[in-house]
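In each ligand, atom 1 is the first atom listed, and ligand 1 is the first ligand listed. None of the values given here were measured: they were computed from a predicted structure.
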Amino acid sequence: MSKQRAFSGVQPSGNPHLGNYIGAIRNWVEGQDQYENYFCVVDLHAITLPQDPATLASNTYTLAALYLAAGLDLNHSTIFIQSHVSAHSELTWLLNCITPVNWLEDMIQYKEKAVRQGENVNTGLLDYPVLMASDILLYQADKVPVGEDQKQHIELTRDIAARFNHYYGNGETILKQPEAIIRKEGARVMSLTDGTKKMSKSDPSDLSRINVLDPPEVIQNKIKRCKTDPIRGLEFDNPERPECNNLLTLYLLMSGKTKAEIAAECQDMGWGQFKPLLAEALVEGLGPIQQKYQEIMDDRAYLESVLREGRMKAEAIANQTLTQVKTALGYSLPL
Ligand code: ATP
Ligand code: MG
């Protein structure tokens, strides 16, 4: 029996951080031998907020190198850049024409990011979930491993697929409805400066996040300065103490210890004692990835060859789905 397919991506919209690593990339690596995987650097998504072109270009390669450095194995996973496969843009247009605007206006991420963008909200920000649906549906993905914030977009993807099949499938399933895979722990890593807000690349303050590529002294400084509370004794799952729960969860996810072990270890601790332990777990956990990343970045020809091969494999599947969609819509194939 052939393996199920998984698809996911991260935007090269800034510095990849612990939330991206723990909520997404690390889970891709852990599950990769169970699936036939497609992992994409979603650079078309990135321009839904303003990007400097030179920075976008370098962030794109950084992220692809990080996918490899985190442990993606080319025997199981295809790595490519979204804008290299034009079917993503083309399917987006076709699906735009069956997606009601009010479905998009209901999206939480749109509402949150639109507030930050002010009066001049671009159409791309509203349309972002249709591009994401196209990314996933092109590969007929069964599973989409993501952080918790993307749950609503996967549900929308399912709705778009169902609507397309209903109107144009003639009783057949042309687009497969995918399922999200969201882990329990680490699905929503919170900001270091506000435990009620998700850690994000697009947060203007670098102190709000630990970047995967932060050097040890930067990590130590950010942990030293991160928001805590005045209560002695640290505990999980107290809704009155969001920072405490977040920092203990990060310790849990990066130290390899169990939740019970950490709860016992930290129950009588003050922040002054806990913070150096957390900083050390982060430095140790990220160190090997940073070293591997540097090796990959030093061999640009290798990275380019991975992305070239990835594009070819991705394109073959994406174009097949695109042709099925266009045929169902009544388009004739080019003569
Ligand atoms: P941006 O602020 O530009 O939207 P982002 O930090 O939200 O960036 P994305 O590229 O949008 O990152 O998301 C990539 C993946 O990382 C998605 O699967 C998303 O669910 C996951 N992710 C993002 N932030 C977090 C977080 N704080 N905790 C857990 N997972 C996260
Ligand atoms: Mg995001």
Practice item. Sort and list the pairs that fulfil side-chain hydrogen bond (donor to acceptor under 3.5 Å, both in side chains) and have at least one residue in residues 211-225, not counting sequence neighbours. Key: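 Found Asp206-Asn211, Asp206-Lys222, Arg209-Asn211, Asn211-Asp214, Asp214-Lys222.
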Check your understanding: Does a side-chain N-to-carboxylate-O contact under 4.0 Å join Asp142 and Arg5?
Key -> no
Point to revise | Residue pairs involving residues 192-202 (criterion salt bridge (charged side-chain N to carboxylate O under 4.0 Å, His left out); sequence neighbours excluded) | key: Lys197-Asp203
Practice item. Enumerate the protein residues lying less than 4.0 Å from ligand 1, judged by heavy-atom distances, in chain and residue-number order. Key: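 For ligand 1, the residues that come within the 4.0 Å heavy-atom cutoff are Gly9, Val10, Gln11, Ser13, His17, Gly19, Asn20, Gly23, Ala24, Lys113, Val146, Gly147, Asp149, Gln150, Gly186, Ala187, Arg188, Val189, Lys198, Met199, Ser200, Lys201, Ser202.
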Review point. Taking atom types as modelled, is there a side-chain donor on Asp73 or Gln32 under 3.5 Å from an acceptor on the other?
Key: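 Their side chains do not contain a donor-acceptor pair, so the 3.5 Å distance test is not met.
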**Study point:** Identified side-chain hydrogen bond (donor to acceptor under 3.5 Å, both in side chains) counterpart of Asn238 within the set Arg241, Glu235, Glu240
**Key:**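 That would be Glu235; it is the only one of Arg241, Glu235, Glu240 passing the side-chain hydrogen bond (donor to acceptor under 3.5 Å, both in side chains) with Asn238.
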**Study point:** Residue list, salt bridge (Lys or Arg N to Asp or Glu O under 4.0 Å) with Lys227, at least two apart or on another chain
**Key:** Glu243
